Amino acid sequence: MFTANRLAVALALGLSAASASQALAQPDVNPPPPLTGHGPAISEHRRAALKVCTDGIKFDSDRYVNCMTREGETP
């Protein structure tokens with residue numbers, strides 16, 4: 001009986017070690033996307049509107065929204 005218990009314990013430890021090593025060896029199924037930049041490309045019109053509304057001006061949310069809307073861009 002003692003030998004059977006030792007065999008069961010050894011088998012359980014072997015299986016848990018095997019499954020743990022297999023889990024560690026598997027690659028990440030959702031790798032991060034490659035770094036291509038910091039978001040979508042900005043059109044020249046939007047770049048100009050951002051420059052007009054933010055260049056050298058202390059940021060003020062209401063002023064920024066009004067300026068971007070006046071320039072024809074979404075804030």
Side-chain angles (χ1 to χ4, degrees):
M1 184 70 175
F2 182 69
T3 305
N5 286 343
R6 285 181 33 187
L7 179 61
V9 169
L11 182 62
L13 288 175
L15 289 176
S16 67
S19 65
S21 66
Q22 183 183 15
L24 293 175
Q26 291 178 349
D28 189 6
V29 293
N30 292 323
L35 296 177
T36 57
H38 298 287
I42 298 176
S43 69
E44 287 302 315
H45 185 264
R46 183 163 180 85
R47 187 180 313 270
L50 286 168
K51 185 171 177 85
V52 167
C53 296
T54 61
D55 193 34
I57 301 167
K58 184 178 177 184
F59 186 76
D60 174 23
S61 179
D62 292 336
R63 183 190 176 289
Y64 171 76
V65 169
N66 291 334
C67 182
M68 289 295 281
T69 304
R70 190 172 51 250
E71 293 292 322
E73 289 289 335
T74 57

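Everything numeric in this text was worked out from a predicted model, so none of it was measured. All values below come from the heavy atoms of this structure, side chains included, with hydrogens, waters and symmetry mates left out.
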*Asks:* Within this structure, what is the OG-CG distance for the pair Ser43 and Leu50, rounded to the nearest 0.5 Å?
*Replies:*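 Between atom OG of Ser43 and atom CG of Leu50 there are 9.0 Å.
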*Asks:* What distance do Thr54 atom OG1 and Phe59 atom CZ have between them, rounded to the nearest 0.5 Å?
*Replies:*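 These two atoms lie 9.0 Å from each other.
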*Asks:* Ignoring hydrogens and angles, write down the donor-acceptor pairs under 3.5 Å from the side chains of residues 67-75, residues two or more places apart or on other chains.
*Replies:*
{"unit_1": "Thr69", "atom_1": "OG1", "unit_2": "Val65", "atom_2": "O", "d": "2.8"}
{"unit_1": "Glu73", "atom_1": "OE1", "unit_2": "Arg46", "atom_2": "NH1", "d": "3.4"}
{"unit_1": "Glu73", "atom_1": "OE2", "unit_2": "His45", "atom_2": "ND1", "d": "2.6"}

